[in-house]
Amino acid sequence: MGAIHPQLDTPEQDADDLHMPLAIFIDQFGEGLLEQLRRQNPPIYDPDLDTQTPVWRARQDVLDNLTRQPFEAQAHAVHAVVKLLLDHNEPAAVLNADMGTGKTMMAICVAALMQSTHPRTLIVSPPHLVYKWRREILATVPGAKVWILNGPDTLRKLLALRNALGLKTSKPELFVLGRVRMRMGFHWKPAFLTRQVLQDGQRFRFACCPDCMEPIERENADGEMMPLSAEAAALMLADRRCKCSHCDSTLWTLIRAGKRIDSMHDLVLGALKQMPTIGDKTARKLLSIFGEDLLGGMLDDNVYEFLNLMDETGELVFSDRQAMCMERSLASFEFSIGEGGYQATEFIKRYLPRGYFGLLVVDEGHEYKNEGSAQGQAMGVLASQCQKTLLLTGTLMGGYADDLFHLLWRINPTQMIQDGFKPARNGSMGSAAMAFMREHGVLKDVYKESTGPSHRTAKGKQMTVRTSKAPGFGPVGIMRYVVPITVFLKLRDIGQNVLPDYDEHFINVPMSQAQDEAYQRMAKHLVYELKKALAQKDNSLLGVVMNTLLAWPECCFRPETVRHPRSKAVLFSQGPVFQESELTPKEQQLLDLCKQERAHGRKVLVYSIYSGTRDTTARLKSHLEMNGFKVAVLRASVDAARREDWVADQVERGLDVLVTNPELVKTGLDLLEFPTIVFMQSGFNVYTLMQAARRSWRIGQKHPVKVVFLGYSGSSQVECLRLMAKKIAVTQSTSGDMPDCGLDVLNDAGDSIEVQLAKQLLTNA
């Protein structure tokens, strides 16, 4: 393996000198270890070797003919995924790439390379990114046809696909399905007719099937089949969706939502009036000139043709300004002729042949990790119906092994069954998930011995065992399940001077004297109350105390009353420390940062997790505006699909500072205009923190990116940030990064951030 480390040459060395951080060990012996690893686990894709093959060159020709070209590192990642799926015939692949590396672009390139053998690609996207996917596809793949399965006309489009079964397509077809629409159920009602039947000289009205007109029957107490009246049939069919016993046709129908539109003219008129700069008068004028058929066809099939609409003299109907406004709106515009709420996943499973969609692309794949979530189960159904699956994520693992278990089960159940992780007889995955955790994750078995009822000759003892999970994923599991199907890509790997510098740093903000004294009094009293409650096995105060101690320094400008969640008794009361016109120390720090950045021509993105009951965003906006900044607050009331346009509008108006909750922008949005990001608080969610911190460090950013975390010195906020850093170190072990200490991947501090904070608080009290 190489020369012995000089520190190990002398036997008299102290034992402490024998310890070596993993990073130094890898630096010293990494070359030999890497060579040994390559011999034992040869890579599926090696750029030095694969680029010499005819297959690679043929695929590269396809990439070269795309409208937009991937960077070299992106292209290698694309080739690796395609080789894994096609040449090695794996059912699934994972593209685990940093936020901002262009996962959307790479997935589109994969679909383009697989188009000859898998012409149809189904993309499952967060709802606010559906139209961004369409925009990226049309800008990348020449001649591509994009179907949006996210609006009220989803059923109509799926029916059109079923009617076109058997027809071959020469153009790449990509279908973008919003994950909410994917799992959304539907409303239905019984459907039958009534007819009169002459029986024993008397006329009776019975319910009958609309197709075969045979009576709807039910078995009576004597075992005979008796026809039902309309009232009895309505009651029987209301509970579940039934079929006719004679012709097997359905006896139910969809309830279509929305107001009925009588004519195509009214439908197109309503769609035109949704466009910016087009009112009722202009819409009617356009209809009178071009007609509803022409305009309806444009809006339904290719809305961008509408921008270049010309009159009879050959002049453009819309000015450049109007066209620019409408182009932004059209990115998220969908015109629908029909309506229907049938669940898209169920339709694909029931009415389209398995393998109709060749490739399934799952954007933000880590969002589907929960066992019982409807969207996770729906994604698993889609994966079973498609030939190949590509999972896109920037944060594959949230710290626990079962985060991966359900994802692996949904994209590659065959391997999991072969390894013995099978569902129980009742279909439950609980035992399989626990077995996976025991084999590859970390579980803590806590034994508690207590004195029980005495026996005649001895004292009785009772032993209880409580099992809880801890963060971590063992190296055997990583090599078995992650490495063989995962392509890793880091922003630093892209090179070519694509990205500017990225810097994260923490600022410890000292509290004012009055603020610190009030906080210490509050902490001492609330920790005392928490200890009393825990001694009585009452955990109800845990969340209240921790949330109060984290939030109060941010909200100390208003009175605070802490109540018991059950009895509503007042536990502590604290008046305001700062007036409305006074700046808190952290607000002053933010103001100074904003002034520094404005002097350098840089816009600032400010994150605050308190945007609901404890709203601080309005106060931040007020104080910044009083100091001459143009500020906007992005709230949840802005529809997710329109947030990108909303931010673009604010930037056009000269915005200096954008204030928002990180949950609202954690996925998909490119906030390149804000190279400086300030976290007023971090929150508890590792996924959200990692995603939100990279909103502006993405391909296309030209300025150095600076991310600043603010925390009050001596408060629980600092401990929260420290614990978040530990959790992030665990997640990096499945993303191609290794912490300094190898045991960090088996960190046994497995409680939630909130519980760990409480433990530290009680220990230090």
Side-chain angles (χ1 to χ4, degrees), residues 92 95 103-104 107-108 110-111 114-115 118-138 140-141 144-162 164-165 169 172-186 254 257 300-301 331-336 338-368 373-393 407 410-411 639-641 667-668:
L95 181 56
K103 292 187 288 292
T104 302
I108 294 171
V110 169
M114 297 178 64
Q115 193 267 332
H118 301 75
R120 299 180 186 88
T121 298
L122 177 63
I123 300 164
V124 178
S125 162
H128 63 288
L129 300 181
V130 167
Y131 301 100
K132 181 182 178 183
W133 269 98
R134 176 170 72 177
R135 187 172 66 242
E136 296 278 325
I137 293 168
L138 294 176
T140 305
V141 184
K145 182 172 178 57
V146 183
W147 299 65
I148 296 295
L149 304 178
N150 194 51
D153 66 342
T154 296
L155 177 60
R156 179 178 65 84
K157 293 178 179 177
L158 290 172
L159 288 169
L161 292 179
R162 188 178 66 170
L165 286 177
T169 175
E173 290 189 274
L174 297 99
F175 303 78
V176 187
L177 173 62
R179 70 168 177 232
V180 175
R181 178 70 59 178
M182 169 186 72
R183 62 168 174 77
M184 186 179 291
F186 55 91
L254 289 174
D300 190 33
D301 183 52
S332 59
F333 179 81
E334 185 166 3
F335 172 73
S336 60
E339 290 186 352
Y342 195 84
Q343 185 177 356
T345 305
E346 185 167 348
F347 187 97
I348 292 170
K349 178 183 177 182
R350 287 174 177 265
Y351 302 115
L352 294 178
R354 177 171 290 188
Y356 178 81
F357 297 106
L359 175 66
L360 172 67
V361 177
V362 183
D363 195 8
E364 303 297 340
H366 57 273
E367 300 281 356
Y368 304 89
S373 71
Q375 67 183 24
Q377 293 171 352
M379 186 275 279
V381 170
L382 291 179
S384 69
Q385 298 301 305
C386 298
Q387 299 175 35
K388 305 288 182 180
T389 301
L390 174 59
L391 204 71
L392 308 179
T393 181
L407 276 178
R410 285 164 182 152
I411 64 176
D639 185 65
T667 57

For Leu174 and Val361, run side-chain contact (heavy atoms from CB on, under 4.5 Å): C-alpha distance rounded to whole Å, both residues' side-chain angles, the deciding distance at 0.1 Å, then the answer. CA-CA 10 Å; Leu174 297 99; Val361 177; over 6 Å; no

Determine, step by step, whether Leu382 and Leu177 satisfy the side-chain contact (heavy atoms from CB on, under 4.5 Å) criterion, reporting the C-alpha distance in whole Å, the side-chain angles of both residues, the deciding distance to 0.1 Å, and the verdict. CA-CA 11 Å; Leu382 291 179; Leu177 173 62; 4.0 Å; yes

Please evaluate residues Arg134 and Ile137 with respect to the criterion side-chain contact (heavy atoms from CB on, under 4.5 Å), reporting the C-alpha separation (whole Å), side-chain torsions for both, the decisive distance (0.1 Å), and the verdict. CA-CA 5 Å; Arg134 176 170 72 177; Ile137 293 168; 5.7 Å; no

Using the side-chain contact (heavy atoms from CB on, under 4.5 Å) rule, take Leu158 and Tyr351 through it: C-alpha gap first, then chi angles, then the decisive distance, then the call. CA-CA 9 Å; Leu158 290 172; Tyr351 302 115; over 6 Å; no

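Listed here is the closest heavy atom pair of Thr121 and Ala111: OG1-CB, 3.5 Å. Nearest heavy atoms, Val141 versus Pro172: CG1-CG, 3.7 Å. Taking all atoms of both residues into account, the shortest heavy-atom contact from Val176 to Val146 is CG2-CG1, 4.1 Å.
Residue Leu149 holds its CG atom at 11.0 Å from CZ of Arg156, rounded to the nearest 0.5 Å. With rounding to the nearest 0.5 Å, the separation of CD1 in Ile123 from CG in Leu392 is 9.0 Å. Of the inter-residue distances, the one linking Leu165 atom CG with Tyr356 atom OH reads 6.0 Å to the nearest 0.5 angstrom. Interatomic distance, Arg120 CZ to Leu359 CG, rounded to the nearest 0.5 Å: 13.5 Å. For the atom pair CG of Leu352 and CZ of Phe357, the computed distance is 5.5 Å after rounding to the nearest 0.5 Å. Here the straight-line distance linking atom CH2 of Trp133 with atom CD1 of Ile108 works out to 5.5 Å at 0.5 Å rounding.
A search for side-chain contact (heavy atoms from CB on, under 4.5 Å) contacts involving Pro119 returns Gln115, Thr169, not counting sequence neighbours. Residues forming a side-chain hydrogen bond (donor to acceptor under 3.5 Å, both in side chains) with Thr104 (at least two apart in sequence, or on another chain): none.
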Hey, can you pull the donor-acceptor pairs under 3.5 Å for the side chains in residues 383-391, sequence neighbours left out?
residue	atom	partner	partner atom	Å
Ser384	OG	Val381	O	2.6
Gln387	OE1	His118	NE2	3.1
Gln387	NE2	Gly355	O	2.8
Lys388	NZ	Leu85	O	3.0
Lys388	NZ	Asn89	OD1	2.8
Lys388	NZ	Glu90	O	3.1

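Contact annotation: the side chain of Glu364 approaches that of His366 to within less than 4.5 Å [non-hydrogen atoms, C-beta and beyond]. Within the 4.5 Å cutoff, the side chain of Lys157 has heavy atoms near those of the Ile148 side chain.
Contact check on Lys145 versus Glu173 returns no salt bridge, with no Lys/Arg side-chain nitrogen under 4.0 Å from an Asp/Glu carboxylate oxygen.
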